[in-house]
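One structure below.
Lettering follows sequence order; numbering is per chain, from 1.
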Amino acid sequence: MNHNNIPQQITQTKDFNSHLNEAQLQAVESINGATLVIAGAGSGKTRTIVYRLAHLLNSGVSPSNILLLTFTRKASHEMLQRATKLLNETTSNIIYPENDLSASENNNYYYHKENSPHTSLINLQGGTFHSFAFSVLRQYYPSGYATPPNILDSSDSSGIIHDCKDNLKIAKGEKSFPKSQTVLSLFSKARNKELSLDEVIKRELYHLLPYSDDLEQLYQAYKSFKRQHAVMDYDDLLFELERLFTERPDLLTSYQNRFQYIMVDEYQDTNLVQCRLVRLLAGEKGNIMAVGDDAQSIYAFRGANVKNILAFTEHFPQAKIIKLEENYRSTQSILNLCNSVLDHAVESYKKHLFTKRENKQKPQVIRPFSDLTQAKLVASRIVELMGRYEPNEIAVLFRSGYHSYHLELELNKRGVRFRKYGGIRYIEAQHIKDVMSYARLLVNPLDFNAFQRVTSLSKGIGPKTCLKLYNAMQNHDDQEVSKICKKAPTLAADLKIIEKLRISNPSPSYIIDELTEHYKPYLTSNFPDDHPRRLQGLEELGHIAATYTELDLFIADLCLEDPFNSNQQEDTEKITLSTIHSAKGLEWSAVLIIDLAEDRFPSKKSLLKIEDFEEERRLMYVACTRAKDELYLFSPLSLYDRATGGTNQVQPSPFIKELKTELYEEWQENYIGGLTQKSAGVNQTQTYKPERLSQTKWNSEYDIDPTITITPANNPPIPSTVEQNTNTTQAKDPRSLGLCTHRIFGRGKIIEELPPDKYKVNFPGIGVKVILSDYLKIDD
DNA sequence: GGAGAGTGCCTTTTT
DNA sequence: GGCACTCTCC
């Protein structure tokens, strides 16, 4: 049973009692002042928010006076869907007076694309911070903008950085200069954490130190390009909104008056600027409810700061704190495993979820021979599960988008339909971006990114000619324009259709259909393998466009949310494949987590810094807590290596090794492609035994008590890969460089010194790792 | 100045 | 296995 299902009929507040526990009810009924709800996984968080909405409306608050902010697209979608459903049932006979402000502004950003009859909700504002910011900024922009800003998606941004780098003639021919994508993420990190570039480089990207001057120059060039072209990247949306509110107190006041009640979901994922925006909007009256769970903070990499939750009571001293701890989602045996994941955390979470849900079966740890056979075993298990559950109650979760690649092939082979979240976004596919570039030129003929993209589709036009043409068009130099067009007939046709559609200004769906037709010849000749599939995508793009009346909103929405995903929401015939990040806030009856092997999950990149490793642990926690009834953890014994074509043995993920054996059943792939259960006692898995370290001072960004640690003790060295075998031999060499200790991996032998600041270390039972010397305590 | 072949590199997570 | 960048020829 899904305890989170919205009941069919709730008409009066008193009915809430029977659907909510005491803590939830308390949260629902605290509508004035500030409230912080610490909601454990599966504790009915969304349910609480939705009921609180209903309670507000039943108390006579107009939906246009409520603002619902979330962090990810999916969370916002889910919440508004559920709210709509419940509110439609509870408030259908209440008529709300039109709010002056909202009536004049047509500010119902999110809902105009829902084909829903829920008129009572039409003025409820909700969405991600970014989409909310854009909905304001397209109407009122801060000083320095003459037109509403265009939004850059990440490929636009990195394209601009690339051009800026060329123009500045920085680091020409230097191979180790970071790629534009990397540079962009550095810029974004600096902004999200609100640190200078230099600080970020020194803290976590010290290998870029030689380029810090060049990068700083590039940073400035990128900034001024954005200003000149009236474009904003994702980060600008938030900072420019803050600037707008600072510059225009009158505007801020009117928004404060409008949004009498503010709710923020996933508060642990807000960064500093988002936190300030919330405070600005809440104003003096501070009718705000923030909901979050520190154990589920998984966005530190982009500046999310758990401290924001802790600081909530400082910003709102009167704040009431409510904890939701009873879990309504998972069975007790799944929860036991989830709790155990957090037990090993360096920072302790004072949190033990409990439930009244009975045990069905223990979670299973399954060990396939390799990630290739894993795909087969997972697919078989899914087919079996589909006999017991609807496909939309089954999900496969993984650390990184590409981990599901083999599985996707296998599922296709067996005809199992799935949808995939995370990884490459559909709208970033070439053909979609191409057609959207035409569309963007309709809105803004001087959109340089779009212009570059469209011109490069024509043979004979490269970057230089593109620039010449762009300047000629900007200066209305018709002679030059027609001279270039003569050389490239397709380019002339491109400009013609853009001009035609711009002047007639038809509906977004008509525009997309026309452009698709125009693009078809290019599509068929340039994508011989799969142009039918791509054409289908473009047709779908047209359908999505049909839910919009204004082209600029459609374009912005495509950058801010992936409608190809949310459109499929209702499809119950498909199972779900998802990155763990994209799975947050969702739940399924059966959850399968794959690739629980070293270097995959936790990610190889998280091993250098303890706080990164801990974030991986919370990620594991988020993944496991998605399961309602059945949880399967797949830990392949070897991974296919594309480079060599062979398979390399790997250690299981530390998160599996840590688990006490009594928490799960263990199954091993056998030679006939089936599974054999390991009987307890015979194949006892190693358990981690916490070992206290002496007064070691660890180099970490945070001050963590160094006496609490997880160290594999008494583990005999297990040679796991061929590579490690040799290294183990090396380590026995009397010339061994000595012993050292690492917070996570425990004691190990130093095999090699890697100047200037790293060591190669063999950790018994874990394998060989390259570690920064800062994170090692080396024995004298 | 552009096109196409060849080479080296890395492969987190999201708005 | 895909892309970003380089080199060479037209």
Pair A:Y234 and A:F134, ring centroids less than 6.0 Å apart: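 When the ring centroids of A:Y234 and A:F134 are compared, they turn out to be at least 6.0 Å apart.
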Centroid-centroid under 6.0 Å between A:Y299 and A:H581 rings: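 Ring centres of A:H581 and A:Y299 closer than 6.0 Å.
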Student check: side-chain heavy atoms of A:F129 and A:T270 closer than 4.5 Å: yes
All side-chain contact (heavy atoms from CB on, under 4.5 Å) counterparts of A:H403, not counting sequence neighbours: A:F398, A:R399, A:S400, A:D595, A:R600
side-chain contact (heavy atoms from CB on, under 4.5 Å) involving A:Y211 - partner list, sequence neighbours excluded: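 Partners of A:Y211 under the side-chain contact (heavy atoms from CB on, under 4.5 Å) test: A:E174, A:S176, A:F177, A:P178, A:D214, A:L215.
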Can you measure [X] atom [atom1] to [N] atom [atom2] for me and round it to whole angstrom units?
{"X": "A:L372", "N": "C:dG1", "atom1": "CG", "atom2": "P", "answer": "12 Å"}
{"X": "A:L639", "N": "B:dT11", "atom1": "CG", "atom2": "C1'", "answer": "13 Å"}
{"X": "A:Y421", "N": "B:dT14", "atom1": "OH", "atom2": "C1'", "answer": "15 Å"}
{"X": "A:Q452", "N": "B:dG2", "atom1": "CD", "atom2": "P", "answer": "12 Å"}
{"X": "A:L560", "N": "B:dT15", "atom1": "CG", "atom2": "C1'", "answer": "7 Å"}
{"X": "A:L457", "N": "B:dG2", "atom1": "CG", "atom2": "P", "answer": "15 Å"}
{"X": "A:L586", "N": "B:dT14", "atom1": "CG", "atom2": "C1'", "answer": "15 Å"}
{"X": "A:D557", "N": "B:dT15", "atom1": "CG", "atom2": "P", "answer": "13 Å"}

Among [options], which is the nearest nucleotide to the side chain of [X]?
{"X": "A:H130", "options": "B:dT13, C:dC5, B:dT15", "result": "B:dT15"}
{"X": "A:S180", "options": "B:dT15, C:dC5, B:dT14", "result": "C:dC5"}
{"X": "A:S400", "options": "B:dG2, B:dT15, B:dT13", "result": "B:dT13"}

Quick one: is [N] close enough that its OP1 or OP2 comes under 4.0 Å of any side-chain N or O from [X]?
{"X": "A:K605", "N": "B:dT11", "result": "yes"}
{"X": "A:S154", "N": "B:dT14", "result": "no"}
{"X": "A:S582", "N": "B:dT14", "result": "yes"}

Please list, for nucleotides 3-6 of chain B, all pairs of protein and nucleotide N/O atoms separated by less than 3.5 Å.
{"residue": "B:dA3", "atom": "OP1", "partner": "A:G460", "partner atom": "N", "Å": "2.4"}

Side chain to side chain donor-acceptor pair (under 3.5 Å) partners for A:E266, two or more places apart: A:K45, A:Q268
Partners passing side chain to side chain donor-acceptor pair (under 3.5 Å) against A:T373 (at least two apart in sequence or in another chain):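 So A:T373 forms a side chain to side chain donor-acceptor pair (under 3.5 Å) with A:E669.
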Upstream residue (5' side of DNA chain B) when A:T465 and A:L619 are each assigned their closest nucleotide: A:T465
5′-ward residue of the pair A:D612/A:C559 relative to DNA chain B: A:D612
Hey, what are the protein-to-nucleotides 2-4 of chain C N/O distances that come in under 3.5 Å?
none

Sugar-phosphate only, base, or nothing, as touched by A:F129 at under 4.0 Å among non-hydrogen atoms: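 Answer is nothing: A:F129 stays at 4.0 Å or more from every strand.
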Residues A:E204 and A:K193 bridged, charged N to O under 4.0 Å: yes
Pair A:R276 + A:E194, salt bridge at N-O below 4.0 Å: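 Looking at A:R276 and A:E194, the cut-off is met.
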A:F301 ring over B:dT13 six-membered base ring, under 5.5 Å and 30°: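 It does: the two rings, one from A:F301 and one from B:dT13, meet the stacking criterion.
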Short side-chain to backbone donor-acceptor contact, A:E614 and A:A345, under 3.5 Å: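 Not at all, since once roles are kept as given, no pair shorter than 3.5 Å links the two residues.
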